[in-house]
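Encoded as structure tokens, the structure appears first; notes follow it.
Residue numbers run from 1 in the order of the sequence given. Just so it is clear, the model here is predicted, and its values are computed rather than measured.
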Amino acid sequence: MTAHPENASGGQAVAGSAEHWLLAALDAKDRDDASAQWRKGQCVLMPLGGLFSAVRLPQDLILGHHDRQWDPAVAEQVIAAAFGSGPVICDPCRISRWYALVPAATPGWHTGTDNWRAADVIPLGLGSYISVPPVDATAYDPRTEAPYWSMPLTLPGALCEPGHVDRLITTTPDRLAQEAQS
């Protein structure tokens, strides 16, 4: 796997602090096991609703058309245009779903909006779990199709704005991709 540019230089310190922050979502007794799993390149099942939550984004929303094929490069352009540098996990095995990490305590976001429901966007919070890849898993690996950071967590606590989900839904993916290239 290749590293995202944000993690290329000085990435050890950024990755270490991001990993440490993510581990805080777990009970103290589970943190060593989680670190060991990440060192082996495995994902860790993490609870949502405490330190952070997530918004599940379907492939059709990201790629724009039902007949559009999976293309990580196009998807990353759309994600970058919609969320800026906010962290987003891609799970290619789950019909290519993306999970934007958002603050756990954003008022009202957890119920979503009518736009969200119509677009099959699902807010995930307390009582939900997400498979979190190692912080250095920042590229799609076609051999394993393992989850990876489509947009890496660059700073502890630096999450996506839930309001950007509405922008993603109401702006066509092609337009977002064009904006990202400009």
Provide the closest heavy-atom pair for [X] versus [Y] in the form atom of the first, atom of the second, distance.
X: Ala137; Y: Pro147; result: CB-O, 4.5 Å
X: Pro103; Y: Cys160; result: CD-O, 3.3 Å
X: Val121; Y: Leu61; result: CG2-CD2, 3.5 Å
X: Ala25; Y: Pro47; result: O-CG, 3.4 Å
X: Pro152; Y: Thr138; result: CB-CG2, 3.9 Å
X: Glu76; Y: Ser150; result: CG-OG, 3.3 Å

Enter the distance from [X]:[atom1] to [Y]:[atom2] here, rounded to the nearest 0.5 Å.
X: Cys90; Y: Ile62; atom1: SG; atom2: CD1; result: 9.0 Å
X: Cys43; Y: Ile130; atom1: SG; atom2: CD1; result: 9.5 Å
X: Leu48; Y: Tyr99; atom1: CG; atom2: OH; result: 10.0 Å
X: Glu145; Y: Asp91; atom1: CD; atom2: CG; result: 9.5 Å
X: Arg97; Y: Asp60; atom1: CZ; atom2: CG; result: 10.5 Å
X: Asp33; Y: Gln42; atom1: CG; atom2: CD; result: 11.0 Å

Query raised in the report: How far apart are the C-alpha atoms of Trp98 and Val78, what are their side-chain angles, what is the distance that settles it, and do they pass the side-chain contact (heavy atoms from CB on, under 4.5 Å) test?
Result: CA-CA 11 Å; Trp98 287 263; Val78 172; over 6 Å; no
Considering only heavy atoms from C-beta outward, does the side chain of [X] approach that of [Y] to under 4.5 Å?
X: His20; Y: Pro156; result: no
X: Pro87; Y: Thr154; result: no
X: Val55; Y: Phe83; result: no

Requested in this report: Using side chain to side chain contact (heavy atoms under 4.5 Å, CB included) as the criterion, list what pairs up with Asp120, not counting sequence neighbours.
Outcome: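 Counting only residues at least two positions away or on another chain, Asp120 forms a side chain to side chain contact (heavy atoms under 4.5 Å, CB included) with Arg56, Pro58, Ile122.
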**Report entry** Residues forming a side chain to side chain contact (heavy atoms under 4.5 Å, CB included) with Asp30, sequence neighbours excluded
**Finding:** Leu26, Asp27
Requested in this report: List the steps and the verdict of side-chain contact (heavy atoms from CB on, under 4.5 Å) for Leu101 and Leu153.
Outcome: CA-CA 9 Å; Leu101 301 189; Leu153 177 64; 5.5 Å; no
Report task. With sequence neighbours left out, write down each residue that passes ring-ring contact (aromatic ring centres under 6.0 Å, His included) with Trp38, or none if nothing qualifies. Result -> none
Query - Set of residues satisfying ring-ring contact (aromatic ring centres under 6.0 Å, His included) with respect to Phe52, sequence neighbours excluded - result: Trp21
Query raised in the report: Can you list every salt bridge (Lys or Arg N to Asp or Glu O under 4.0 Å) pair that touches residues 149-162, not counting sequence neighbours?
Result: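 Sorted pair list comes back empty.
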